[in-house]
Amino acid sequence: MLRDSHVNSNGSYLIRTLYFDDPDDSCLWENLSGTDPRSKIRLRYYNSDSDRIFLERKTKVRGMCLKHSCELSRGECEQILSGRIPTINDSMSLIKKELLLEITLRCLYPKVIVTYKRIPYVYSGGHVRITFDSNLSSSNDINMFLSGEYIKRPVLPTGQSIMEAKWDEVLPLHIKDSLRIEELKWTAFSKYYMCRKYHL
């Protein structure tokens, strides 16, 4: 497998994500109870480039993930961080309208910043991605999300990583075989929950 084309010179990229929840912490409790389906709204940017920001909805249905995403301007992101939702207009894409409306109707607001380093491998057959995430940390310093200059709390033990395998149709046999490591278990892992539980 090859490294993803977006990696830096070290073969990885940095991900900064700001997760939203409602006043009742519904996303957190749905995660704990295994509610199906469930979804989360988040803001994300890569490699400290806060001039290119994405608003995303990640949905989990029967253990499988689906992601919808649109790009936001820095000004729109700053509006959301200040508690004001950008005015929905006809020039916006349908998914952007949907996500902004969802934030409004569900009374969502920023809860926690999740930061980690990702090493991604890709394989064109079946659109396969294998990723290794490390240096997972959390922060409640919401106002500093775009600057990246916030205090972080480590979440994973030193040297531990999270491996994720993602594919569209079929996982090629030679990749599937290479993942059959002794004692390897298929399990759910929520970075949002792991980072929130340290601040509850």
Side-chain angles (χ1 to χ4, degrees), residues 1-21 25 27-34 38 40 42-50 52-54 56 58 60 63-65 67 69 110-124 126-168 171-200:
M1 299 179 73
L2 302 175
R3 296 288 177 103
D4 186 294
S5 60
H6 297 99
V7 297
N8 56 30
S9 58
N10 295 321
S12 64
Y13 51 77
L14 182 68
I15 299 177
R16 288 193 170 100
T17 306
L18 178 60
Y19 282 91
F20 291 69
D21 211 331
D25 284 327
C27 294
L28 179 65
W29 301 121
E30 286 176 358
N31 213 112
L32 282 170
S33 63
R38 62 182 183 271
K40 299 186 191 77
R42 63 194 187 191
L43 289 169
R44 173 172 283 188
Y45 65 95
Y46 299 87
N47 288 330
S48 303
D49 182 9
S50 59
R52 192 167 188 215
I53 307 160
F54 298 92
E56 301 177 344
K58 183 179 180 182
K60 181 160 284 191
M64 298 298 175
C65 293
K67 185 172 77 173
S69 177
K111 283 285 190 172
V112 68
I113 301 171
V114 176
T115 307
Y116 54 95
K117 182 182 77 171
R118 169 164 286 178
I119 299 175
Y121 292 91
V122 295
Y123 181 77
S124 58
H127 297 98
V128 179
R129 283 175 62 82
I130 306 292
T131 58
F132 296 89
D133 298 337
S134 60
N135 300 341
L136 178 65
S137 67
S138 68
S139 176
N140 278 4
D141 199 358
I142 304 301
N143 293 330
M144 302 303 290
F145 174 62
L146 292 178
S147 72
E149 298 175 358
Y150 45 82
I151 296 173
K152 305 177 186 71
R153 176 172 182 155
V155 172
L156 286 178
T158 302
Q160 191 173 100
S161 297
I162 304 161
M163 184 187 77
E164 295 182 358
K166 308 171 186 176
W167 64 92
D168 285 351
L171 184 63
L173 186 59
H174 68 283
I175 296 177
K176 185 176 181 179
D177 286 343
S178 71
L179 295 177
R180 288 176 179 166
I181 302 171
E182 187 177 353
E183 297 183 359
L184 183 67
K185 296 180 181 179
W186 184 300
T187 183
F189 185 94
S190 170
K191 297 183 185 73
Y192 172 65
Y193 166 71
M194 290 296 294
C195 289
R196 278 295 308 280
K197 77 174 187 176
Y198 286 101
H199 298 284
L200 292 175

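- You'll find the side chain of Arg129 stays beyond 4.5 Å of the side chain of Trp167, heavy atoms only.
- Using modelled atom types and a 3.5 Å distance limit, the side chains of Lys117 and Asn10 yield no donor-acceptor pair.
- Of all heavy-atom pairs spanning Arg42 and Phe20, the tightest one is CA-CD1, 4.1 Å.
- At most 12 non-hydrogen atoms from other residues, nucleotides or ligands lie less than 6.0 angstrom from CD1 of Ile151.
- Between Lys67 and Phe54 there is no side-chain heavy-atom pair separated by less than 4.5 Å.
- Between Ser134 and Ser161, the shortest heavy-atom contact is CB-OG, 3.6 Å.
- Take Ile162 and apply the side chain to side chain contact (heavy atoms under 4.5 Å, CB included) test, not counting sequence neighbours, and it matches Asp133, Leu136, Leu156, Glu164, Phe189, Lys191.
- Checked against Tyr150 for a side chain to side chain donor-acceptor pair (under 3.5 Å), the options Asp141, Asn140, Thr115 give a single hit: Thr115.
- Within a 6.0 Å radius of CZ in Arg3, other residues, nucleotides and ligands contribute more than 12 heavy atoms.
- Within the 4.5 Å cutoff, the side chain of Pro172 has heavy atoms near those of the Tyr123 side chain.
- At a threshold of 4.5 Å between non-hydrogen side-chain atoms, the residues Phe145 and Pro110 do not count as touching.
- The side-chain heavy atoms of Glu30 and Tyr193, taken from C-beta on, include no pair separated by under 4.5 Å.
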Checklist line | Evaluation steps, side-chain contact (heavy atoms from CB on, under 4.5 Å), between Tyr192 and Cys27 | finding: CA-CA 9 Å; Tyr192 172 65; Cys27 294; 4.2 Å; yes
Notebook entry, point to check: Where do Leu146 and Ile53 land on the side-chain contact (heavy atoms from CB on, under 4.5 Å) test, with the steps shown first?
Noted result: CA-CA 9 Å; Leu146 292 178; Ile53 307 160; 3.6 Å; yes
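- Relative ring orientation between Tyr13 and Tyr46 is described as perpendicular, the plane-to-plane angle rising above 60° on a 0-90° scale split at 30° and 60°.
- Side-chain contact between Cys195 and Arg153 is absent, with no heavy-atom pair separated by less than 4.5 Å.
- The existence of a salt bridge linking Asp25 and Arg196 is confirmed by a sub-4.0 Å separation between a basic side-chain nitrogen and an acidic carboxylate oxygen.
- For Asn47 against Ser12, the heavy-atom pair with the smallest separation is OD1-O, 4.4 Å.
- Shown here are the side chain to side chain contact (heavy atoms under 4.5 Å, CB included) partners of Ser5, two or more places apart in sequence or in another chain: there are none.
- When side chains are defined from C-beta on, Ser190 counts as touching Lys40, because their heavy atoms get closer than 4.5 Å.
- To the nearest 0.5 Å, the span separating CZ on Arg118 from NE2 on His6 amounts to 13.0 Å.
- Looking at heavy atoms from C-beta onward, Lys60 lies in side-chain contact with Cys65 at the 4.5 angstrom threshold.
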